Structure formats: C-alpha cells, structure tokens
Protein chains: 2
Amino acid sequence: MARETLNREQIVRAAIELLDAEGIEGLSMRKLGQRLGSAATAMYWHVGNKENLLVLAADEVWSEVRLPDVATVGWRTAARELMYAARELCDRHSWLVRVITSYAAAGEGLARFQERAYETFEAAGFRDADLDWAVSTPFMFVTGLAIMSSSDAAEVKKRAEQDAAAQPEQEAQAVAQMNALAAKYPRLGASMAAQAQRGQGFVEQVDEVFAFGVETILDGLTARLAGRSGASE
Amino acid sequence: MARETLNREQIVRAAIELLDAEGIEGLSMRKLGQRLGSAATAMYWHVGNKENLLVLAADEVWSEVRLPDVATVGWRTAARELMYAARELCDRHSWLVRVITSYAAAGEGLARFQERAYETFEAAGFRDADLDWAVSTPFMFVTGLAIMSSSDAAEVKKRAEQDAAAQPEQEAQAVAQMNALAAKYPRLGASMAAQAQRGQGFVEQVDEVFAFGVETILDGLTARLAGRSGASE
DNA sequence: ACCTGAACACCGTTCAAGT
DNA sequence: ACCTGAACACCGTTCAAGT
C-alpha cells in the first residue's frame, strides 16, 4: 500500500477495478482519487483527462484476450475463436463496449488483437480492401451484440423492473402496452409469447443469438470467397 | 409559440431537436427547459426522468423509418432495405444508437419496424427460434457499425485531432506510436498504409464496409436456409 | 516533477410551495 | 393538474500555490 508517487499504470489499474465493480457510471475522478488516497485532481497530471483514462483502460483490457493460432486451427475456427474471445471480454468488462468509439484510435492491446484478425482473414483468402472489410464485419456484429447485452443494459432493465414493481399502477400500464403491441403486431406478439412459454428471457437467448450470428457470418464470408477465382489458398 | 401547458409530445419533440443539434451530451434538462420556456424541473411531471425521456425520443424517431413491401420486392431486397433504412436512421440521429440498450424495451415505433423484419425473415423461410435469431443478427451488425461511425465518435476523433494540432509535441508522439505499432504488427501497418495511399479515412470506408457486411450476412442467411430441407417456400 | 485545495461551471433530481 | 425556485448531492476540469 505504501508508495512513493502515483503513476499512470497504477491509475489505469485502479480505474479498471472501479469500472468492473461499478460500471461506467460508477467511475468518477473523485472516487478514483479516494481509492488511490490522492486528491481527485492528482490524476490529471498523469492521464490528461477522464476520456483519455477510459481509452487507456480499454486498451489495457484488450491485451487480456487469448488469441488462437491460425496455422494450427485454420481460419474458420480461428475467426470463431476471435469472435467468442471478444465477446467474452466485453462480458467481463461491461463498460468496454461503451468506451470503444472507433477501433482505429487505439494502442498496443487492440493492435495485437487486430493483427491476429488480419492474419486469420488473410489465411482465409481475403486481400486488400476486402481484407479490411472481412475483418470489420464480424466485430461490428460482436459490438452490436455486446451493446445489447452489456450489463449496463441489464442493470437498466432490472432497475426498470424494480421501479415497475414498486409502482403496480405503472407495471399494469406497461403490461397493457405490451399486450396492445402484441395484438397490433402479430408476429412480434407470437415471438414474445413463444419466448415466454419457453421461459426464455433475453439473457438466455443471447448466447444462442450469438452462436447463430457467428455461423451466419462465417458462412457468408465463405460464400464471398467462393464467389471468386483462386481467392483461397 | 403561445401555448397553454406543456405536454409530453411537445417535450419529446424538443428533446429530439436538441439531440439532433447538439448530440447526446448536448441534452440537459436545464437546456431543454430553457428551450421550452419552462423551469428545468417542469418536465419531470410529464416524462418522469431523463432516461425515460431518451427512451421516448428513441421510439419516436423509429417511426420515421420507411418500410419495404416484402411481398413485392422479395425477402432479400426487403432485408437489405431494412438494414439500410436502420443505418440511415442512426446516421440522421447520431444519439439513437447510444440510447438503444435493449430492443426489447420499446414502444410503437420500434415495434412497427420489428414486425416488418419478422415478416421479411418469415418470408425467407425462418421459423420459431431461428426466426428470432435471423431477425436479430442483421441488426446487431447495423448497431455495431452505427456505434463505430456515429457522429459522436466522429466528433471525439475530430476533437482529438484538434488537440493534437494544438500540441505538436503530442501529435508527434501519437504519430510515433502509430509507426511503432505499424512496425510491430505488419498486417495492420500494411492496411493503414494502403488506406493512406488510397486517401481513404474511416468515414469513406464505412459505406463500403457496410455494403460488404450486409451482403455477407444475407449470403450467410441464405446458406443457413439451404442447409435445411423444405425451409424455404 | 508531482500534488493539493479552492473554485468554476455545470449536472439530475426532489420537494415544498404556489396557482 | 401543472409549474416554480430553492436546495441537495453530485460532476469534470483549471489553476495558483505549495513541496
């Protein structure tokens, strides 16, 4: 616990702990300062500002991710493993996906991950601009799914349910609106009813949606490769 | 301009205007109150709180979206048009994608859109849980891409560049880091160099990435349909 | 080189009090 | 039923002053 001076690494580590524990809205410079036994404003010297601190934290966690060996498992398995690894990372650090604004603006941790992605899709047979696009497509899907299933989202939902439970009048109104929508939009209603009958909420379904989406995209990429001559090695 | 009392619709409309003009960080209850000529706290009676106001605003803009006629254009075209329409909506309202936490928690505007999506993928031949997943997959991709290319992201980037320009020392450091990454991660470096040579930044590429991703996913869904017996009508 | 404390300009939200 | 104003408990950030 004893330490001479603050440093950047230490601040980033503490920020990640706080983010993991309390989510993106739980991080404030004052709380972080308290955690580090410093004035809230001490961090500005080391990390510039809060936004930059978030970028540093995001890059740091990217380097946790385990990378497949493309040469031994083949491109399709490697691509699948990269997608699952990215999703798992977003799951473990629910705030990560909210920090990612642009993959381009990043450091060592993400670069390492991206390089392996390039290697993977190059092995598949993609070249030049096609290669860029093939790398991007799966990770836009992962990002979108992570946004939907981030625990921030889950927390918002839980809170909404608690509020509703606390105010039975509002709860009843929400149910009435749901029923009205289900009646007006029959396919949506049927899907909701089926999910309710299976006892599946969004959380249970999300793993299956992810698996479906991953295979769909891999199939789609395979189809694009097949649509060319001599593209695959 | 003269009006008797505030109402929910009016508040939501003003919020959308403010959000479109200044982005999600430009919306505050105080500014909104000012715009409406009311006390900042007057809105609480009508919309409960800020989060709920954002949800109402998001649902409102969803009803702007134009829906294709599945019966006349066929499922593949309809699916493509739904994806393009959703992306265009996210482009026009850069804050939308940041408000969407879960598609499930929504109202009339989104329900209308989703119903057409269900209709589209049902026409393609998907049923039951597969239908849910087929509907979800494209929109997770759209969401992910919208996140990356949201003008909030663009603004963050622009601001970073301005900061860098103002502080040439930092600028030089950033360039040095980029070069170091490009050297360490050759495929990434090659891609960056190629993009620079083509004079393409992220903004120019994103339309092409989107087009590629859309066709990839449509191909992937087609492949999944073909993998079954009698699934397609 | 590194840190503190006060200060500035904001936030969302509650709530008694008004009409 | 609807609105106001003051107040509370927060924010991120700057900057002079200290060591």
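The structure presented is a predicted model; accordingly, all values stated were derived computationally and were not measured. To find a chain, count down the sequence lines: A is the first, B the second, and so on, and within it residues start at 1.
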Watson-Crick and G-U pairing of DNA chain D written in dot-bracket, each distance under 3.5 angstrom, with | for inter-strand partners: ||.|||||...|||||.||

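Side-chain contact check for B:Asn7 and B:His46: no donor-acceptor pair (N or O, by modelled atom type) lies under 3.5 Å.
Listed nucleotides C:dC11, C:dT14, D:dC2 differ in distance to B:Thr41; the shortest reach to its side chain belongs to C:dT14. Residue A:Asn49 places its side chain closer to D:dT13 than to any other of D:dA1, D:dT13, C:dC2. Here the side chain of B:Tyr44 is nearest to one of C:dT13, D:dG12, C:dC3, namely C:dT13. Checking D:dC3, C:dC2, C:dT4 against the side-chain heavy atoms of B:Thr5 singles out D:dC3 as nearest. Checked against D:dC2, C:dC11, C:dT4, the side chain of B:Arg30 finds its nearest nucleotide in C:dC11. Closest to the side chain of B:Ala42, from the set C:dG12, D:dC3, D:dC15, is D:dC3.
The distance between atom CD of B:Glu25 and atom P of D:dC11, rounded to the nearest whole Å, is 17 Å. Regarding A:Gln34, its CD atom lies at a distance of 14 Å from the C1' atom of D:dC11, rounded to whole Å. Rounded to whole Å, atom P of C:dC11 lies 10 Å from atom CG of B:Leu18. Between A:Met29 atom CE and D:dC10 atom P there is a gap of 18 Å when expressed in whole angstrom units. When the P atom of D:dG12 is taken as reference, atom CG of A:Asn52 falls 15 Å away, rounded to whole Å. Rounded to an integer number of Å, the gap from CG of B:Asn7 to P of D:dA1 is 16 Å. To the nearest angstrom, P of C:dT13 lies 12 Å from CG of B:Leu32. Whole-Å rounding puts the A:Leu36 CG to C:dC3 P distance at 10 Å.
Nearest heavy-atom pair, B:Leu54 versus B:Val99, reported as atom, atom and distance to 0.1 Å: O-CG1, 3.5 Å.
Using the six-membered ring where Trp is involved, B:Phe210 and B:Tyr84 have ring planes that are perpendicular, over 60° apart on the 30 and 60° scheme.
Contact of the A:Leu82 side chain with the A:Leu67 side chain is registered, since non-hydrogen atoms from C-beta on lie closer than 4.5 Å.
When atom types are taken as modelled, the side chain of A:Ser63 and the backbone of A:Glu60 share a donor-acceptor pair closer than 3.5 angstrom. The backbone N or O of A:Glu108 sits nowhere less than 3.5 Å from a side-chain atom of B:Lys184 that would complete a donor-acceptor pair. Listed for the B:Arg112 side chain is a donor-acceptor partner under 3.5 Å among the backbone atoms of B:Val65.
At the heavy-atom level, B:Leu27 lies under 4.0 Å from the strands shown only through sugar-phosphate atoms.
For C:dC11, the OP1/OP2 oxygens have a side-chain nitrogen or oxygen of B:Ser28 closer than 4.0 Å. For the pair B:His46 and D:dA1, the criterion of a side-chain N or O lying under 4.0 Å from OP1 or OP2 is not met.
For A:Glu64, the CD atom is densely surrounded, since the number of other residues' heavy atoms within 6.0 Å is greater than 12.
Between A:Gly48 and B:Trp45, the residue anchored nearer the 5' end of DNA chain D, judged by the nucleotide with its closest heavy atom, is B:Trp45.
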